[in-house]
Amino acid sequence: MKQLLVRSEVCLGCKSCELACAVAHSQFKNLIAALNQPEPPRKRIFVETDGQINMPLQCRQCSDQPCVHACMAGAMHQDARTGLVQVYQEKCVGCWMCVMVCPFGVITEGPAHKVIKCDRCRELDYDPACVSACPTKALQWAEVNHFAAAGRRSWIEQMKEGNRDA
């Protein structure tokens, strides 16, 4: 199963992923139209930085699913078909329990005092919008084993070039 994975060492902090995410979740799926919506679209990915390292953060689909267990209304749930943690907007009561237990701080307030989180652009028939928008491919929609193997190959190449400490 593909996962949304990050190579933070190549992230520029440009926030193209944030913009693409907001537009993908807008009413008209168009930047100009999104800017003119009565309720501005909200991103579900957050690029954080300390000035040296940029890190795109989004729902990590934790195996222990603390948000699902904390949700007293049953709004947070694991989708039986995809295995992804999703939100039933109609069940959310805005208690913020999921926000408090999320270890990554990526569940946030959406319209109508309900929570929103990364849904992996489940309505799209292709890669998540943030992945498609990333100019450096810091965000990747890949199988974990393929991602890890590419990282190992990259490390070997850098060792050959003398760019990594042994």
Are Val101 and Met76 co-members of a hydrophobic cluster defined by side-chain heavy atoms under 4.5 Å apart? no
Distance-only, no hydrogens or angles: does the Gln37 side chain make a donor-acceptor pair with backbone N or O of Ser26 under 3.5 Å? no
When rounded to the nearest 0.5 Å, the distance separating CZ of Phe147 from CZ of Arg152 is 11.5 Å
> Taking side chain as C-beta onward, heavy atoms only, is Leu139 less than 4.5 Å from Gln58?
Replying inline: yes
Min side-chain heavy-atom separation Thr136-Arg7 under 4.5 Å: no
- [ ] Say whether, by atom type as modelled, one donor and one acceptor occur between the side chain of Lys29 and the main chain of Ala24 under 3.5 angstrom.
- [x] yes
query = Judged by modelled atom types alone, do His69 and Asp64 share a side-chain donor-acceptor pair under 3.5 Å?
reply = no
Between Asn54 and Cys11 the two heavy atoms that sit nearest each other are ND2-O, 3.1 Å
Using side chain to side chain contact (heavy atoms under 4.5 Å, CB included), reason through His146 and Leu5 one step at a time and then give a plain yes or no.
CA-CA 11 Å; His146 292 215; Leu5 302 167; over 6 Å; no
On a heavy-atom basis, the closest approach of Gly83 and Gln78 is O-NE2, 3.0 Å
Practice item. Kindly indicate whether the side chain of Pro56, heavy atoms from C-beta on, has any atom under 4.5 Å from the side chain of Lys15. Key: no
Practice task
Carefully, step by step, assess Lys137 and Val10 under the rule side chain to side chain contact (heavy atoms under 4.5 Å, CB included).
Solution key: CA-CA 8 Å; Lys137 304 300 179 216; Val10 296; over 6 Å; no
Check for a donor-acceptor pair, side chain of Lys114 on one end and backbone N or O of Val87 on the other, with a separation under 3.5 Å.
-> no
Are the side chains of Val99 and Glu109 in touch, meaning some heavy atoms are under 4.5 Å apart?
-> no
Run the side chain to side chain contact (heavy atoms under 4.5 Å, CB included) test on Cys121 and His25 for me, step by step, so that the C-alpha distance in whole Å, both residues' side-chain angles and the decisive distance to 0.1 Å come before the verdict. CA-CA 8 Å; Cys121 293; His25 291 90; 4.0 Å; yes
Checklist entry - Do Val68 and Val115 share a hydrophobic cluster, counting only Ile, Leu, Val, Met, Phe, Trp and Tyr and linking them when any side-chain heavy atoms are less than 4.5 Å apart? => result yes
Using side-chain heavy atoms (C-beta onward) and a distance below 4.5 Å, is Ser8 in contact with Met55?
yes
Can you check whether Cys102 reaches Val106 side chain to side chain, under 4.5 Å on heavy atoms?
yes
Original post:
When hydrophobic residues are tied together by side-chain contacts of less than 4.5 Å, even through go-betweens, does Val131 share a cluster with Phe104?
Top reply: yes
When clusters are formed by joining ILVMFWY residues with side-chain heavy atoms under 4.5 Å apart, either directly or through shared neighbours, do Ile45 and Val6 land in the same one?
yes
Note: Leu84 and Asp119 closest approach over all heavy atoms is CD1-O, 4.4 Å
Problem set entry | Note, Arg120 side chain near Cys59 side chain (heavy atom, < 4.5 Å) | yes
Report yes or no: do Leu19 and Leu57 belong to one cluster of Ile/Leu/Val/Met/Phe/Trp/Tyr joined by side chain heavy-atom distances under 4.5 Å? no
When rounded to the nearest 0.5 Å, the distance separating SG of Cys118 from NZ of Lys43 is 13.0 Å
NE2 of His113 to SG of Cys92, rounded to nearest 0.5 Å, is 8.0 Å
Nearest heavy-atom contact between Ile53 and Asp50 is N-OD1, 2.7 Å
In this structure, CE of Met100 is separated from CD1 of Ile107 (nearest 0.5 Å) by 11.0 Å
Shortest non-hydrogen pair, Met1 vs Thr82, comes out as SD-O, 3.6 Å
4.5 Å side-chain heavy-atom contact, Ile116 and Gln89: yes
*Gln27 side chain to Ala34 backbone, donor-acceptor under 3.5 Å*: no
| said: Angle between ring planes, Tyr88 versus His77, binned at 30° and 60°: parallel, tilted or perpendicular? | reply: parallel
Taken to the nearest 0.5 Å, the spacing of Asp127 CG from Leu4 CG works out to 9.5 Å
Separation between SG (Cys17) and CZ (Arg44), nearest 0.5 Å, reads 14.0 Å
